[in-house]
Amino acid sequence: MPHYILGIDGGGTSCRAAVADAEGRILGRGKSGAANILTDPDNALIHIVGAATAAFEEANIAPPEIGSASALLGLAGSNVGDAVHYVKERLPFAKADIESDGLIALQGALGDSDGAVAILGTGSIYIARQGNDIRYIGGWGFQIGDLGSGGRLGHALLQESVLAYDHIHPSSPLTDAVMAEFNADPRDVVEFARVARPGEFGRFAPKVFAFAERSDPVAIALLRASAQAIDEALDVVVERGSRKLCLLGGLAPLYRPWLAERHQRLFVEPEADALIGSVALAAKRFAAGTRETA
């Protein structure tokens with residue numbers, strides 16, 4: 001029976017999977033929904049299995065073979081032990097290791113070289129590597145962390161829109177547009193926010209960037225505050241020795257011109273994405289074992 005390895009990249013917006021042979025050659029890819037194991041572990045499990053199944057189907061491998069695969073999962077929310085144990089016990093793979101989504105992003109972006117990545121998507125996290133020393137900054141989740149993330153930026157926009165509705169803060173075309181989406185009724189905003197997940201807040205983040213390009217004062221103020229939080233985290237990364245920085249995630253190209261000049265000269269383009277990183281780490285970790293048992 002052939003053996004396969006799986007690389008999985010699970011974030012607050014989507015989950016991607018790639019099935020590979022023992023040498024790390026990708027055979028098929030799949031995609032499913034959000035896979036943040038801290039905010040919604042049960043749906044994360046569904047989407048992890050869904051993405052893996054889609055990858056096996058694209059590779060024309062029978063889906064039951066998933067049960068014999070060895071998987072490395074880089075997942076958002078993996079810095080909380082209870083969530084990791086809950087998910088790992090319920091995975092259908094023969095072997096599975098759960099790591100931070102930051103680790104697989106680092107591996108994909110920088111390969112085996114030293115440096116750091118800032119992941120700016122639905123959430124945010126920073127991870128730096130010098131030799132075998134890997135350090136994390138941030139990534140503490142929407143409720144108390146993730147500054148600079150799409151989730152927090154979208155939340156701040158809704159908050160500012162309600163403040164503008166009450167004439168506590170000045171309104172702008174941006175806040176007017178947001179309130180129009182909620183029938184100009186702050187109670188609708190409250191009802192949305194009461195049950196919204198980070199990804200649902202995050203869908204408002206691109207609107208902030210779009211209105212900033214039109215010189216909207218509220219959008220500019222929100223982005224300056226958010227960019228400052230990112231710069232503060234990057235300062236820590238640089239102080240600890242990183243001289244190569246990669247900005248990753250859906251908001252990375254939008255944020256880059258808003259970040260401080262002191263960081264611009266350190267930015268480099270990523271070599272590959274987080275899914276490639278997860279496959280590379282899975283190959284390192286599991287390939288020897290699969291060859292021995294093949």
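Quick note: numbers below take in every heavy atom, side chains included, and nothing from hydrogens, waters or symmetry partners.
In the hydrophobic cluster analysis, where Ile, Leu, Val, Met, Phe, Trp and Tyr join through side-chain heavy atoms closer than 4.5 angstrom, Ile119 is grouped together with Leu103. Using a 4.5 Å cut-off between side-chain heavy atoms of Ile, Leu, Val, Met, Phe, Trp and Tyr, with links allowed through other members, Leu110 and Leu234 fall into different hydrophobic clusters. Two different hydrophobic clusters hold Leu163 and Met179 under the rule that ILVMFWY side chains link at heavy-atom gaps under 4.5 Å. Under a hydrophobic clustering in which Ile, Leu, Val, Met, Phe, Trp and Tyr are joined whenever their side-chain heavy atoms come within less than 4.5 Å, directly or via other members, Ile26 and Ile5 fall into different clusters. By the rule that hydrophobic residues join a cluster once side-chain heavy atoms approach within less than 4.5 Å of another member, Leu75 and Phe142 end up as members of separate clusters.
When side chains are defined from C-beta on, Leu245 does not count as touching Val268, because their heavy atoms never get closer than 4.5 Å. Contact of the Trp140 side chain with the Ile125 side chain is not registered, since no non-hydrogen atoms from C-beta on lie closer than 4.5 Å. The side-chain heavy atoms of Leu73 and Lys88, taken from C-beta on, include no pair separated by under 4.5 Å. Residues Asp185 and Tyr165 are not in side-chain contact: their nearest non-hydrogen atoms beyond the backbone lie 4.5 Å or more apart. With contacts defined as side-chain heavy-atom distances shorter than 4.5 Å, the pair Asp235/His263 qualifies. Side-chain contact between Phe56 and Leu27 is absent, with no heavy atoms from C-beta onward closer than 4.5 Å. Side-chain contact between Ser278 and Ile8 is absent, with no heavy atoms from C-beta onward closer than 4.5 Å. Contact of the Tyr126 side chain with the Val236 side chain is not registered, since no non-hydrogen atoms from C-beta on lie closer than 4.5 Å.
No donor-acceptor distance shorter than 3.5 angstrom exists from the side chain of Ser226 to the backbone of Leu223, with no hydrogens or angles considered. Panel note: side chain Arg256, backbone Leu247; no donor-acceptor pair is recorded below 3.5 Å. Side-chain atoms of Gln264 come within 3.5 Å of backbone atoms of Leu259 as a donor-acceptor pair (strictly under, hydrogens ignored). Panel note: side chain Thr175, backbone Ser171; no donor-acceptor pair is recorded below 3.5 Å. Side chain of Tyr136 to backbone of Gly102: no donor-acceptor contact under 3.5 angstrom is found. Looking only at distances, a side-chain donor or acceptor of Glu58 sits under 3.5 Å from a matching main-chain atom of Arg29. At least one donor-acceptor pair closer than 3.5 Å links the side chain of His47 to the backbone N or O of Asn43.
One distance of note links CG of Leu45 with CD1 of Ile37; it measures 8.5 Å at 0.5 Å rounding. A distance of 9.5 Å separates NE2 in His85 from CD1 in Ile98, rounded to the nearest 0.5 Å. Rounding to the nearest 0.5 angstrom, the gap separating the CD1 atom in Ile127 from the CD1 atom in Ile134 is 5.5 Å. Between atom CD1 of residue Ile168 and atom CD of residue Glu160 there is a gap of 10.0 Å, rounded to the nearest 0.5 Å. Rounded to the nearest 0.5 Å, atoms CG (Leu106) and CD (Glu99) are 11.5 Å apart. Asp9 contributes atom CG, which lies 7.0 Å from atom CG of Asp273 (distance to the nearest 0.5 angstrom).
Ala116 and Val237 get closest at one heavy-atom pair: CB-CG1, 3.3 Å. Taking all atoms of both residues into account, the shortest heavy-atom contact from Asp101 to Gly10 is CB-O, 4.2 Å. Contact record, Tyr255 with Ala227: CE2-N, 4.3 Å, taken as the closest heavy-atom pair. Of all the heavy atoms in Ala18 and Leu275, the pair that sits closest is N-CD1, 3.8 Å. Here the closest heavy-atom approach between residue Val117 and residue Ala105 is recorded as CG1-O, 4.3 Å. Of all non-hydrogen atoms in Arg194 and Glu191, the two that sit nearest each other are NH2-OE2, 2.7 Å.
No donor-acceptor contact under 3.5 angstrom links the side chains of Gln130 and Arg135, judged on distance only. Checked by atom type, the side-chain pair His3/Asp21 shows no donor-acceptor distance below 3.5 Å.
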- Query: Under the side chain to side chain contact (heavy atoms under 4.5 Å, CB included) criterion, do Arg243 and Val238 qualify, and how do the steps go?
  - Reply: CA-CA 7 Å; Arg243 295 296 178 264; Val238 173; 3.5 Å; yes

- Message: Set out, in order, the CA-CA distance, both residues' side-chain angles and the distance that settles side chain to side chain contact (heavy atoms under 4.5 Å, CB included) for Phe286 and Asp97, then state yes or no.
- Response: CA-CA 10 Å; Phe286 298 124; Asp97 283 351; 4.0 Å; yes

- Item | Pair Leu147-Glu232, side chain to side chain contact (heavy atoms under 4.5 Å, CB included): steps then yes or no | CA-CA 10 Å; Leu147 299 181; Glu232 289 171 350; 6.0 Å; no

- Query: Under the side chain to side chain contact (heavy atoms under 4.5 Å, CB included) criterion, do Trp258 and Ile230 qualify, and how do the steps go?
  - Reply: CA-CA 10 Å; Trp258 291 87; Ile230 296 169; over 6 Å; no

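Salt bridge annotation for Glu271-Lys244: absent, with no cationic side-chain nitrogen under 4.0 angstrom from a carboxylate oxygen. Residues Arg90 and Asp42 are not paired through a salt bridge, judged by the lack of any N-O separation under 4.0 Å between the basic side chain and the carboxylate. By the 4.0 Å N-to-carboxylate-O rule, Asp146 lies too far from Arg152 to be salt-bridged with it.
Sorted by first and then second residue, the salt bridge (charged side-chain N to carboxylate O under 4.0 Å, His left out) pairs with a member in residues 108-121 read Asp112-Lys284; sequence neighbours excluded. Evaluation of the side chain to side chain donor-acceptor pair (under 3.5 Å) test over residues 215-225, restricted to residues two or more places apart or in two chains, returns Ser172-Asp216.
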Check residues 199-211 and write down every donor-acceptor pair under 3.5 Å in which the side-chain atom is one partner and the other belongs to a residue at least two apart or another chain.
residue: Glu200; atom: OE1; partner: Arg197; partner atom: N; Å: 2.6
residue: Lys207; atom: NZ; partner: Glu181; partner atom: OE2; Å: 3.1

